[in-house]
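Here the structure is a predicted model, which is why all the values come from computation and not from measurement. Along the sequence shown, residues carry numbers from 1. Counting starts at 1 for both ligands and their atoms, following the listed order.
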Amino acid sequence: MNQNFDEKCKSRGLSITVQRQKVYEVLMEDKSHPTVDSVYLAVCKAIPTISRATVYRTLETLADEGLIQRVLHPGSSARYDGNPAPHNHLVCTVCGKTEDCMDSSLNALPCPDRSSTGFTISECEITYRGVCPECQRKA
Ligand SMILES: [Zn+2]
Ligand SMILES: [Zn+2]
């Protein structure tokens with residue numbers, strides 16, 4: 001897995017650092033779309049001296065390079081996704097929990113016709129907002 005990461009870094013001219021390797025590893029293991037803070041806590045277990053700012057910068061660099069993706073929802077803090085391919089999400093408006101929503105019917109949705117405006121569409125992501133089962137139970 002890390003060999004794969006090393007190759008991806010090399011092909012992008014990114015230097016391979018222990019911090020980058022660890023941050024990437026955490027994201028590969030944590031499928032919950034963690035925030036900077038949760039990635040930081042997990043990376044700290046392996047690299048206790050790392051700062052939150054370094055973890056943040058590392059996440060941003062990896063996202064800019066397309067190795068991971070930033071998941072931004074208005075009103076909640078940024079989350080990071082180890083899967084850089086466009087895909088759909090379910091977001092809980094109470095706790096911010098973010099889950100992948102893989103449903104083949106969504107991939108069959110036609111793109112709107114923008115030929116009159118000249119806008120070309122390259123990809124599409126859908127975010128469904130609602131309340132997760134845990135928050136429903138608490139309510
Ligand atoms: Zn929730
Ligand atoms: Zn995702």
Side-chain angles (χ1 to χ4, degrees):
M1 182 190 72
N2 266 335
Q3 210 167 0
N4 188 9
F5 176 70
D6 292 359
E7 274 159 29
K8 284 177 182 167
C9 281
K10 263 184 221 150
S11 70
R12 289 167 171 82
L14 267 186
S15 53
I16 301 152
T17 63
V18 180
Q19 284 97 326
R20 282 178 183 164
Q21 280 173 329
K22 193 63 208 173
V23 166
Y24 187 73
E25 203 180 297
V26 166
L27 267 192
M28 287 296 108
E29 282 162 13
D30 187 345
K31 305 287 182 205
S32 73
H33 306 79
T35 58
V36 178
D37 288 318
S38 18
V39 176
Y40 170 62
L41 287 176
V43 173
C44 268
K45 288 183 192 143
I47 314 172
T49 54
I50 199 164
S51 72
R52 189 185 176 282
T54 302
V55 171
Y56 174 71
R57 253 184 289 120
T58 306
L59 284 165
E60 287 295 295
T61 304
L62 295 179
D64 287 344
E65 294 295 332
L67 285 161
I68 63 171
Q69 74 169 305
R70 219 180 266 119
V71 189
L72 290 169
H73 301 298
S76 56
S77 42
R79 290 168 173 266
Y80 295 86
D81 192 329
N83 176 4
H87 58 278
N88 311 304
H89 290 110
L90 298 169
V91 178
C92 175
T93 52
V94 180
C95 67
K97 181 183 165 120
T98 303
E99 277 180 20
D100 286 340
C101 178
M102 305 297 191
D103 186 319
S104 55
S105 68
L106 298 175
N107 301 333
L109 280 182
C111 275
D113 181 12
R114 298 282 85 197
S115 51
S116 61
T117 65
F119 198 106
T120 51
I121 296 169
S122 51
E123 53 192 46
C124 160
E125 290 167 27
I126 302 166
T127 303
Y128 296 94
R129 287 183 196 81
V131 182
C132 76
E134 287 81 50
C135 290
Q136 286 178 44
R137 241 175 275 133
K138 281 181 218 153

Residue His89 atom name (nearest to the Zn ion (ligand 2); N/O/S): NE2
Name of whichever N/O/S atom of Asp81 is nearest to the Zn ion (ligand 2): OD2
Angle at the Zn ion (ligand 2) (to 10°), with one arm to NE2 of His87 and the other to NE2 of His33: 170°
Ring geometry between His87 and His33 (parallel below 30°, tilted from 30 to 60°, perpendicular above 60°): tilted
Audit row: Ser51, Thr54, side chain to side chain donor-acceptor pair (under 3.5 Å) steps and yes/no: CA-CA 5 Å; Ser51 72; Thr54 302; 2.9 Å; yes
Side chains of Glu29 and Tyr24, donor plus acceptor under 3.5 Å: no
Thr35 and Asp37 side chains, donor-acceptor separation under 3.5 Å: no
Degrees at the Zn ion (ligand 1) between the SG atom of Cys132 and the SG atom of Cys92, nearest 10°: 110°
Metal-centred angle, the Zn ion (ligand 1) as apex - SG of Cys95, SG of Cys135, 10° resolution: 110°
Ionic contact status for Lys31 with Asp100, cut-off 4.0 Å: no
Any N, O or S atom of Asp100 closer than 2.8 Å to the Zn ion (ligand 2): yes
